[in-house]
Protein chains: 2
Amino acid sequence: MCAKKPEVKPYHHGNLKEELIENGLKYIDKYGVESLSMRKLAEASGVSSAAPYAHFKNKDAFLDAVQDHITENLTDALHKAFERSTEREVLIELGKGYVTFFYENPLYYQFLFTRRNIDINTFPPYQFYSEVASVALKKMHEKKLTKETIRKKTITMWATVHGLARFALMDGVLNTDDLDKEIGQLLCSIEV
Amino acid sequence: MCAKKPEVKPYHHGNLKEELIENGLKYIDKYGVESLSMRKLAEASGVSSAAPYAHFKNKDAFLDAVQDHITENLTDALHKAFERSTEREVLIELGKGYVTFFYENPLYYQFLFTRRNIDINTFPPYQFYSEVASVALKKMHEKKLTKETIRKKTITMWATVHGLARFALMDGVLNTDDLDKEIGQLLCSIEV
DNA sequence: CACGCAATCTAATCACTGTCAAGATTGTTA
DNA sequence: TAACAATCTTGACAGTGATTAGATTGCGTG
């Protein structure tokens, strides 16, 4: 009764592309990617089921866009971890940041690493980690490391971090009461 | 011409359940789980599209069965790695076995770890690894390890192995010319 | 200002999917 | 042999990604 706001829906949405991505992020965070459908997202934005295809070639391209956003958030988290850490503990802090990011958004992990294979050379979080690790290792060892050694140490450490992120998502494996402390202790088992 | 084998299709397939699972395994190994459909599998077995539902409650239950088979294969691979290894190098050999298994069947990795969260307590490969690791660590350190230390070392090592398996699937990260050697060297970076 | 183009949207439709219900066929067991 | 349970077919439904043709609109150019 007394509908004051007819709220006549304009023909053009005006911000559809961004809204779709944002809703996609939220949906995946809540329910995972499996049950996500373009039609549901379109309806949620009050738009016809074909409208999204004006902005994305297909569902896959849309998910690519969502993936890019998550990747950005992850990279941001790593940058923040880098900035708040001392020089001596960068690598451990980056590890904590990585694990925590996925612990807080478990479904992102599945989504991010389930889609088409990530290219190491263009995946920003790994690029950033490589750079930081290279610098840190050289300082720690006073530049006495070969390139090959740096490569090996970097890979091993990051593999551990990635594996720990997985374990953090499983019930009863890690002590999540103080995840930061737990990760810190676990990463110390690796000689750098 | 001169069709000698009319090959009258019997009303009952006789081995449908097993054949579906087998074809499912092959399909996932080739194309991944995304494009797998119950109807295609049914057709491949020369059976109507609703027939599989006499054996599986729904697609999810079917994929559970496929997942169980892959898990079994992985567990077998670990057992074999265990048997062919010396006491001193069990942990490294298990790691090699784990990584190699997924390197040879890359799409299994995605499938296995993409579905509903694995329960650490009922996932045979991890159970087996825990037992082996516990025994190995105690021997190495002459029983001077606390339970908590064993837990930490086991988790870290296995996390590294799992992460390395991921890297093995990415182009240009690991040296896959001699993957066994590479994994062996990388795992040595971890103090056990 | 008006014209027209390009971006964006709708409506209608297609092939495909998971899944169910009703009924047909068969193996097995009492 | 009769009856039951397991297995399969047919036919249907709603939901999906995607395409097409055409409607609406914003915006820059003359």
Side-chain angles (χ1 to χ4, degrees), chain A residues 6-69 107 110-111 114-116, chain B residues 6-69 107 110-111 114-116:
Chain A
E7 207 63 70
V8 185
K9 192 184 68 174
Y11 192 88
H12 283 157
H13 180 284
N15 195 32
L16 184 56
K17 187 172 181 178
E18 283 70 24
E19 192 172 304
L20 286 173
I21 293 180
E22 191 134 339
N23 286 340
L25 283 167
K26 284 182 196 162
Y27 190 95
I28 290 176
D29 195 27
K30 258 194 189 174
Y31 310 107
V33 73
E34 289 171 48
S35 62
L36 179 147
S37 89
M38 298 301 275
R39 298 178 100 104
K40 276 189 278 191
L41 287 182
E43 195 183 15
S45 289
V47 112
S48 86
S49 63
Y53 293 92
H55 301 277
F56 305 99
K57 196 197 164 204
N58 50 29
K59 186 181 184 180
D60 218 57
F62 169 72
L63 292 180
D64 280 345
V66 175
Q67 196 173 10
D68 285 346
H69 271 243
L107 292 175
Q110 298 215 355
F111 173 66
T114 293
R115 290 173 53 66
R116 49 204 84 289
Chain B
E7 208 62 70
V8 184
K9 192 184 70 177
Y11 192 88
H12 283 157
H13 180 284
N15 195 31
L16 185 55
K17 186 172 183 178
E18 283 70 24
E19 192 173 304
L20 286 173
I21 293 180
E22 191 134 337
N23 286 340
L25 283 167
K26 284 181 195 163
Y27 190 94
I28 290 176
D29 195 27
K30 258 194 188 173
Y31 310 106
V33 72
E34 288 170 48
S35 61
L36 178 147
S37 91
M38 297 301 275
R39 297 178 101 106
K40 276 189 278 192
L41 286 182
E43 195 182 16
S45 288
V47 113
S48 87
S49 64
Y53 293 91
H55 302 277
F56 305 99
K57 197 200 163 201
N58 50 30
K59 186 180 184 180
D60 218 58
F62 169 71
L63 293 180
D64 280 345
V66 175
Q67 195 172 10
D68 285 347
H69 271 244
L107 292 175
Q110 298 214 355
F111 173 66
T114 294
R115 291 173 53 66
R116 46 205 86 288

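So that the names make sense, note that chain A is the first sequence line, chain B the second, and so on, each numbered from 1. Quick caveat, the model's predicted, so the values are computed rather than measured.
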Enquirer: Quick one: side chain to side chain donor-acceptor pair (under 3.5 Å) partners of A:Ser49, sequence neighbours excluded?
Expert: none
Enquirer: Report yes if some heavy atom in the side chain of A:Val33 is under 4.5 Å from a heavy atom in the side chain of A:Thr114; otherwise report no.
Expert: no
Enquirer: For each nucleotide in nucleotides 16-25 of chain D, reading 5' to 3', give B when a protein heavy atom comes within less than 4.0 Å of its base, S when such contact involves only the sugar-phosphate, and - otherwise.
Expert: BBBB--BBBB
Enquirer: How many angstroms lie between atom CG of B:Leu36 and atom NZ of B:Lys26, to the nearest 0.5 angstrom?
Expert: 13.5 Å
Enquirer: Who passes ring pair (Phe, Tyr, Trp, His ring centres under 6.0 Å) against B:Tyr27, sequence neighbours left out?
Expert: B:Tyr31
Enquirer: With a cut-off of less than 4.0 Å, is there a side-chain N or O of A:His55 near OP1 or OP2 of C:dC9?
Expert: yes
Enquirer: I need the CG-C1' distance between B:Leu16 and C:dT26, as an integer number of Å.
Expert: 15 Å
Enquirer: For B:Asp29, what residues pass the salt bridge (Lys or Arg N to Asp or Glu O under 4.0 Å) criterion, not counting sequence neighbours?
Expert: none
Enquirer: May I have the distance from B:Leu20 (atom CG) to D:dT7 (atom P), rounded to whole angstrom?
Expert: 12 Å
Enquirer: May I have the distance from A:Phe56 (atom CZ) to C:dC9 (atom C1'), rounded to whole angstrom?
Expert: 15 Å
Enquirer: Just the rounded figure in Å: distance from C1' of C:dT17 to CG of B:Leu41.
Expert: 13 Å
Enquirer: What's the CG-P distance between B:Leu63 and C:dG18, to the nearest Å?
Expert: 9 Å
Enquirer: By salt bridge (Lys or Arg N to Asp or Glu O under 4.0 Å), which residues pair with A:Asp68, not counting sequence neighbours?
Expert: none
Enquirer: Would you mind reporting whether B:Asp64 and B:Arg115 have side-chain heavy atoms less than 4.5 Å apart?
Expert: yes
Enquirer: Rounded to whole Å, please give me the gap between CD in A:Glu18 and C1' in C:dT8.
Expert: 14 Å
Enquirer: Could you grab the distance from atom CG of A:Leu25 to atom CG of A:Leu20, nearest 0.5 Å is fine?
Expert: 11.0 Å
Enquirer: Which of residues 23-32 of chain B have a heavy atom under 4.0 Å from DNA chain C?
Expert: none
